[in-house]
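Ligands are counted one by one from 1 in listed order, and the atoms in each one are counted from 1 as well. Note that these values count all heavy atoms, side chains included, but never hydrogens, waters or copies made by symmetry. Sequential numbering from 1 along the given sequence is applied to the chain's residues.
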Amino acid sequence: MQVYADNAATTKMSRLAIDAMLPYFDTVYGNPSSLHTPGQEAKEALEDARARMAKCLGCEAREIYFTSGGSEADNQAIISAARYGAQKNKKHIISTAFEHHAVLHTLNKLEKEGYEITLLDVKTNHNITAQQVKDAIREDTCLVTCVYGNNEIGSLLPIAEIGAVCKEAGVPFHTDGVQAVGHVAIDVKAQNIDMLSLSAHKFHGPMGIGALYVRRGFPLTNLIEGGAQERGKRAGTENLPAIMGMVAALEDACQHMEENNKKVTYLRDKLIAGLSQIPHCARNGDAEHCLPGIVSFCFEGIEGESLLLLLDAKGIAASSGSACTSGSLDPSHVLLAIGRVHDVAHGSLRLSLSHYNTEEEIDHILTAVPEVVSLLRNMSPVWRDLQTGVREYIL
Ligand SMILES: *Cc1c(COP(=O)(O)O)cnc(C)c1O
């Protein structure tokens, strides 16, 4: 049995999204910037897609900027707020310790340029509170940026509360909504979000396309110079087939959100209940406020990488932390941020589900994971030391 349980890394495209793209390769293939009829047909489709996306997010069409994906949107949002802040001598940015690298590495770059970065602690409930944000805001704060739903452990942040705090303080608020868009209900106006990043391949759309919602009037800095596309803020001929696929996938996800989530949370809860039976394990993430599809555990005495390879041999595609983190020897910064010590953080497993998963697949995972964990523990000198009392259990 083949089980794809790595939907936080990327998702299978829906048939609907693929079909929505096809006409834009060979039928409506004009350049939206061209004045002739084929160009204008493409332009019309582009603007229709923008309006449909805006409707899904609760904003105006002119507040949507198409990008190459979530990483670009995160970079552009943060750089824009930083440049705007600098004009007013405000160079303090608030974020969290468990951001995606697209945010963290952008903040690291700004820190080297003289910005001061406050990363909020995420040890309590594996989440942050709006109060933490409020307490961290200063006179010179030019941006609060935090992930909407964490991609490694699934914690869902109190976005509306943080939005209210930022609005009251007059500080721009950006959220990396890449894991949340299409999975939880979002209304950027009601939640006081000034900027939101999204990426199509996390909700069954194509890779390499995303968007940044920017509240009207907020001064955007462009990262790419060239033509006047995207109201002069993002040069380059628009990827129209991908945009059409993205919007079709987004509408589909928003229309079926309730039924999809019902299915996914049922599967997730079964998975959590089963994995919790394994001795000396701990679940990662905010158990109360979490994305529907992400399950993360640490198992003491094993290596996440070996676990992944053995699960792969059993047909299960999973992850140990983010796709960018696996492959390096350092444990995930997210697991360290929630307070897992190095040894425990190394034994992590992330299973991320979608509505394409089935109960039979969950049963297969629940048979395979305990087998593989036992196998690895029986080969592990660390586990022997734990069992003989030479070392003390942490979990
Ligand atoms: C996947 C992901 C990104 C990056 O999006 P890309 O479209 O792959 O660049 C950013 N933030 C989060 C939370 C993600 O899960």
Side-chain angles (χ1 to χ4, degrees), residues 4-13 17 53 64-79 95-109 119 122 126-128 145-157 159 162 174-184 186 193 195-213 223-224 234 236 239 242-243 245-247 249-250 253 284-286 289-296 318-327 332-335 337-338 350-354:
Y4 185 76
D6 201 12
N7 287 279
T10 197
T11 58
K12 163 172 140 171
M13 269 190 77
M53 174 171 280
I64 300 288
Y65 296 82
F66 295 123
T67 67
S68 66
S71 299
E72 186 188 329
D74 283 341
N75 274 258
Q76 192 169 14
I78 294 166
I79 300 285
S95 188
T96 79
F98 64 1
E99 295 300 311
H100 189 273
H101 283 142
V103 169
L104 275 187
H105 292 172
T106 305
L107 295 176
N108 290 345
K109 186 169 84 172
L119 296 183
V122 292
H126 302 175
N127 208 337
I128 62 161
T145 175
C146 58
V147 69
Y148 197 125
N150 179 277
N151 52 302
E152 287 189 43
I153 59 173
S155 299
L156 205 48
L157 278 66
I159 294 300
I162 297 168
H174 164 253
T175 181
D176 173 346
V178 174
Q179 291 291 337
V181 171
H183 300 280
V184 301
I186 293 178
I193 297 168
M195 292 186 276
L196 172 126
S197 310
L198 63 89
S199 177
H201 75 103
K202 303 294 176 76
F203 51 81
H204 308 287
M207 288 171 169
I209 190 73
L212 179 62
Y213 147 78
L223 303 183
I224 299 174
R234 204 284 182 178
N239 186 348
I243 290 169
M246 167 166 67
V247 171
L250 180 60
N284 304 310
D286 186 332
H289 307 283
C290 55
L291 288 162
I294 298 185
V295 174
S296 169
S319 155
S320 94
S322 74
C324 336
T325 318
S326 17
S332 136
H333 69 283
V334 172
L335 297 174
I338 61 171
R350 179 187 70 183
L351 296 157
S352 44
L353 309 176
S354 84

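- Judged by distance alone, the side chains of Ser155 and His289 never bring a donor and an acceptor atom under 3.5 Å apart.
- In this structure, Leu291 and Ala180 approach most closely via the heavy-atom pair CD2-CA, 4.1 Å.
- Near ligand 1, residues Gly69, Gly70, Ser71, Asp74, His100, Asn151, Asp176, Val178, Gln179, Ser199, His201, Lys202 each place a heavy atom inside the 4.0 Å sphere around the ligand atoms.
- A donor-acceptor pair shorter than 3.5 Å can be found between the side chains of Glu152 and Ser332.
- Residues passing the side chain to side chain contact (heavy atoms under 4.5 Å, CB included) test with Thr106 are Asn75, Ile78, Ile79, sequence neighbours excluded.
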Exercise. Could you walk me through whether Val103 and Thr145 pass the side-chain contact (heavy atoms from CB on, under 4.5 Å) test, one step at a time?
Key: CA-CA 8 Å; Val103 169; Thr145 175; 4.2 Å; yes
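- Side-chain polar atoms of Asn284 and Ser296 form a donor-acceptor pair below 3.5 angstrom.
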